[in-house]
Structure formats: C-alpha cells, structure tokens
S.K.: 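Following this message is one structure expressed as structure tokens.
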2 protein chains.
Amino acid sequence: MGKSKFILIYNALSEKIHKQEIAAGSLLPTENELGEQFKASRETIRKALAMLSRNGYIQKIQGKGSIVLDVSRQNFPISGLTSFRELANHSKDTWRTNVHQLVLMKPDDHLKMVMNLHDDQMVWKVIRSRSVNGEAVILDKDYLIQGLVPILTADICEHSLYDYIENDLGLKIGFAKKEITVEHAGVEDKRYLTMSRDTHVVVVRSLVYLESAELFQFTESRHRADKFRFVDFARREHQ
Amino acid sequence: MGKSKFILIYNALSEKIHKQEIAAGSLLPTENELGEQFKASRETIRKALAMLSRNGYIQKIQGKGSIVLDVSRQNFPISGLTSFRELANHSKDTWRTNVHQLVLMKPDDHLKMVMNLHDDQMVWKVIRSRSVNGEAVILDKDYLIQGLVPILTADICEHSLYDYIENDLGLKIGFAKKEITVEHAGVEDKRYLTMSRDTHVVVVRSLVYLESAELFQFTESRHRADKFRFVDFARREHQ
DNA sequence: CAGTGGTCTAGACCACAAA
DNA sequence: TTGTGGTCTAGACCACTGT
C-alpha cells in the first residue's frame with residue numbers, strides 16, 4: 001500500500017502544486033514527458049493525473065494539456081473521510097476532547113434498525129465533546145459494534161479512536177454514507193455544548209463501513225451552527 | 001462522449017444493481033468473466049468497476065471479488081453537480097421556480113474579489129425562489145459573467161438555466177467548489193421565502209467553472225433550514 | 001495451491017486543439 | 001498537419017484470500 005508508482009507520482013505532483021512550484025493556470029508537462037521523467041508508461045501517468053483531477057488539482061483538456069488549478073485557498077477538506085484528530089493537528093487552534101459517557105449497551109429498536117443489528121449484538125456508546133479555545137462546539141455520539149471493537153477505554157476515546165481502530169485493532173475503514181441536516185438544539189446539546197445565542201445545530205449522521213463492506217459504526221456529530229463549515233469539490237459527470 | 005465502452009459497461013452494471021437484478025451483498029462476476037461477457041479487456045472492465053466503486057455501488061476486495069452494496073436507500077444525490085431542474089424531475093413533489101430579479105450589472109468590490117473579475121466585466125444577477133407544494137424553500141442568487149452568457153431572459157431563468165447554458169450556448173460545466181454554512185435569515189430570505197418559524201438558513205456558495213477551467217458563475221443558494229438535506233458518499237483514501 | 005483483484009507495460013487507434 | 005489527451009488491448013507479474 002502506498003508504494004504504487006502512480007501514487008508516488010501523484011504525491012510528487014500534488015506536492016509541487018501545493019508548494020506553487022508549478023504555477024496555477026500553467027500547463028503540466030505532457031503525459032509523454034511525464035512518462036519519461038518518472039520512467040513510467042503513459043497509462044500509469046494517466047492514473048496519477050486522474051487522481052489529481054478528482055481531487056481538484058488539475059483540469060484535463062483534450063488536445064491541450066492539464067491545467068493546474070488554484071489550490072491555495074483550499075480550506076480544510078472535511079469532504080473526504082478525516083477524523084477529528086487529523087483535522088485538529090492541521091489547525092492552529094487548540095482543540096480538546098472531553099469524554100462524557102462510555103458504556104457497553106444493548107441497542108434500542110431505532111439503533112437496531114439503523115445499524116441493521118442482530119438481537120444479541122452489543123454496542124459501545126461514546127459521547128464526546130470537542131472544544132476549541134475553551135468553547136465546546138461539537139458533540140459526537142458514536143456507536144461501535146462490540147464484535148469488532150472488543151475493548152474500549154475512556155483514555156482511547158479521549159485521544160484518537162481512529163488511531164486505535166486502524167493501528168491497534170488493524171481494522172481498515174473503507175467508506176461512509178453521510179447525511180447533513182439542521183435541527184433545533186436538544187437537551188444534550190445544551191448540556192454539553194457552549195451554545196452562545198444559537199438555537200440550532202448542524203447534525204452529520206454517518207454510517208461507517210470497513211474495507212470488508214461490514215458496517216462498523218454509526219456516528220451522530222452535532223455542530224454548533226455558527227461554527228460549522230463544509231467545503232466540497234465536485235466534478236460534473238458528463239455521460 | 002458517453003460512447004466509451006467502459007461507460008456502457010458501467011451503465012449496464014449500475015442499472016442491474018439499481019433494479020436489484022444483482023443482490024446487495026453478493027459478488028459481481030470476476031473481472032475476467034466480465035471481460036468475456038462484455039467482450040472487453042480486463043483494464044476496460046476495471047475502469048467501469050472503479051467508477052462503480054467511486055459512486056458507492058460496489059466494494060472491491062483483493063483476492064475475493066467485488067461486493068455489491070445496498071444502494072436501495074440512496075437518496076437524492078446532491079453530492080455531485082446537479083441542477084435544480086434535474087432534481088425536481090426526479091422527485092414526486094411539484095416544484096416551481098419564480099424569477100424575482102434579472103439585471104445586467106457592474107459587480108461591486110466584494111463580487112469582483114470573489115470572482116476575480118476585471119474592471120470592465122459585467123455580470124448577470126438572477127434572483128429566483130424555488131417552491132415545493134406552494135412553499136418557497138430555496139432562494140438562489142446567481143451571478144454569471146456576461147462575456148460567457150451574452151443574453152439572458154426571465155423565461156430562460158424560469159425554465160432551466162443549465163439547459164440553456166449547456167445545450168443552447170454549448171458551454172460545458174467542468175467542476176465547482178462549494179461551501180456550506182448556516183446563517184441567520186436576512187431581509188431577502190424573509191421577503192422571498194416562506195419562513196415558518198425558522199430563523200436560520202443553510203447557505204451553499206459555489207464557484208462554478210467550465211471544462212476550460214474558466215470561472216463562469218458564482219451562486220449563493222439559501223435553503224430554509226428545516227428543508228435542507230445533504231447526502232454524501234465518501235471513500236477513505238488509504239495511502 | 002488456485003483464483004481473485006492490483007499494478008504496470010508497450011503499442012495502437014481515435015478525438016480534439018492549435019498553428 | 002502536428003501534438004495533445006481519451007480509449008482499448010493483450011500480456012505480464014505481484015499481493016491477497018481461500019482451500
């Protein structure tokens with residue numbers, strides 16, 4: 001993993017674009033030239049370029065070349081799957097996580113339906129709040145299937161749950177389905193969040209699956225509305 | 001366009017998955033079998049499968065095969081770039097568009113900065129509201145560069161702006177950068193939207209670019225908070 | 001071990017843009 | 001016309017999953 005030639009080429013080129021060593025608006029070398037530079041076949045180069053295109057680094061134009069896009073005001077990319085800890089590490093602000101609840105429970109009917117659980121499956125319920133500069137602005141409620149995560153401690157939840165899951169347990173996250181809505185703040189929001197004058201929260205509900213396509217986790221992430229921001233890059237599918 | 005073999009294979013397979021002719025949880029035929037079925041080389045099959053994977057139809061597992069995912073509760077895919085008209089056509093509710101303003105104007109400083117405009121460039125400003133079952137729930141403010149759209153009429157704005165742009169003007173949309181935030185309702189929201197008891201709107205700001213990588217349009221789409229819903233499918237990038 | 005998907009290659013032909 | 005990207009192919013080898 002991560003050793004594929006086309007990933008190396010992708011990393012080399014995306015880094016150059018980030019560092020502005022290749023100016024926005026200019027053309028990348030042609031695919032044949034890149035093939036010589038990296039000693040790779042054209043199809044391999046094209047895999048790297050397709051990845052750059054998907055992630056908003058370049059725009060390919062037939063007959064012309066690959067235009068480098070302006071990636072400078074590329075704000076935090078929540079668009080993909082990024083854990084809170086990874087985000088916090090990239091920011092200059094001081095983030096802090098508080099664990100409010102950690103229990104092993106029998107799921108209620110609603111959760112059983114949402115997560116498609118069997119009768120005997122138990123889940124870990126974790127409630128955490130995230131604070132930036134002393135203000136609690138995010139409330140996370142996670143439900144993890146015990147069959148996949150046998151043991152969980154407050155200490156792990158306070159540091160990085162995803163680190164533990166991926167590095168210690170060796171589970172690989174594959175994909176997630178997300179839904180974003182806006183709701184009135186409830187009792188839990190008022191209890192755990194610093195609500196200022198706001199009465200609304202943005203709710204991001206996610207079903208997280210492993211690479212094996214097994215459902216692994218359901219998460220409800222509740223954000224104070226005035227602190228919520230979601231940035232996205234989308235390509236038009238011309239078929 | 002749209003005639004590529006791998007697109008045809010993608011369409012054939014995604015349709016079968018939608019119609020549940022291939023059950024969720026089962027395995028797709030192997031890549032070699034698909035190659036024989038569609039009389040295509042393995043790399044071509046793999047392009048189609050990669051597209052299915054990106055769009056949440058399958059999960060590929062090395063050494064095992066491609067698992068078909070449950071796509072049945074796949075709600076409206078605002079995730080990509082879809083115009084209001086395309087959305088409305090897929091829904092059972094009755095949508096309606098009202099044009100409130102259509103002017104050719106000199107951009108103010110803020111718009112000039114956001115859109116990176118020259119001093120002499122004029123823009124079309126369009127204000128429209130979208131109603132479902134008689135309630136106005138979305139307010140769209142579009143700014144289009146006149147150099148790319150010489151003429152615009154209220155009639156076009158009331159029907160489909162994107163139809164006109166892509167079919168009549170022959171412009172091809174390439175990609176967009178979006179940002180979603182939540183804000184207090186302003187005077188325009190209160191004037192044009194049926195605000196019920198809500199005091200907040202979800203604001204989606206988009207910079208829309210053509211396939212040539214030229215900036216083409218800036219849009220501010222303001223949604224009544226209780227009617228807003230955004231669904232996303234995201235893969236984890238393991239590098 | 002056999003069978004699966006993951007990567008890479010060299011070469012061919014087509015579609016499009018610019019001169 | 002030349003050079004660019006877009007597609008497709010056949011074959012090779014590697015990595016992983018199951019038996």
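It should be emphasised that the depicted structure is a prediction, and the values quoted were computed from it without experimental measurement. Order of the sequence lines fixes the chain letters, A, B, ..., with proteins taken first and strands second; residue numbering starts at 1 for each chain.
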S.K.: Is there a donor in the side chain of B:Gln217 and an acceptor in the side chain of B:Thr219, or the other way round, less than 3.5 Å apart?
M.R.: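 Side-chain D/A pair, B:Gln217 to B:Thr219: present.
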S.K.: Check this for me: B:Leu104, atom CG, are more than 12 non-hydrogen atoms of other residues, nucleotides or ligands nearer than 6.0 Å?
M.R.: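 It does: B:Leu104 CG has more than 12 such atoms within range.
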S.K.: How long is the straight-line distance from CG of B:Leu171 back to CG of B:Leu210, given to the nearest 0.5 Å?
M.R.: 5.5 Å
S.K.: Does CD in A:Gln101 sit with more than 12 non-hydrogen atoms of other residues, nucleotides or ligands closer than 6.0 Å?
M.R.: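 Yes, CD of A:Gln101 has more than 12 neighbouring heavy atoms, counting only those of other groups under 6.0 Å.
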S.K.: Assign a letter to each nucleotide of nucleotides 4-11 of chain D from its 5' end: B, base within under 4.0 Å of a protein heavy atom; S, sugar-phosphate only; -, no contact.
M.R.: BBBBBBB-
S.K.: Does either side chain, that of B:Ser41 or that of B:Glu43, offer a donor lying less than 3.5 Å from an acceptor on the other one?
M.R.: no
S.K.: Wobble G-U and Watson-Crick pairs count when both distances are under 3.5 Å; given that, what is the 5' to 3' dot-bracket string of DNA chain D, with | for pairing to other strands?
M.R.: |||||||||||||||||..
S.K.: Distance check needed: C:dT4 P versus B:Glu36 CD, whole Å only.
M.R.: 10 Å
S.K.: Look at the rings of B:Tyr209 and B:Phe175 and say which category their plane angle falls in: under 30° parallel, 30 to 60° tilted, over 60° perpendicular.
M.R.: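 The arrangement is parallel - the two ring planes meet at less than 30°.
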S.K.: How about CG on B:Leu169, more than 12 heavy atoms from neighbouring residues, nucleotides or ligands closer than 6.0 Å, or not?
M.R.: yes
S.K.: Hey, are B:Lys60 and B:Glu31 close enough for a salt bridge, meaning a charged N less than 4.0 Å from a carboxylate O?
M.R.: yes
S.K.: Check the distance between D:dG3's P and A:Leu27's CG and give it to me in whole angstrom.
M.R.: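 So the CG-P distance, A:Leu27 to D:dG3, works out to 16 Å.
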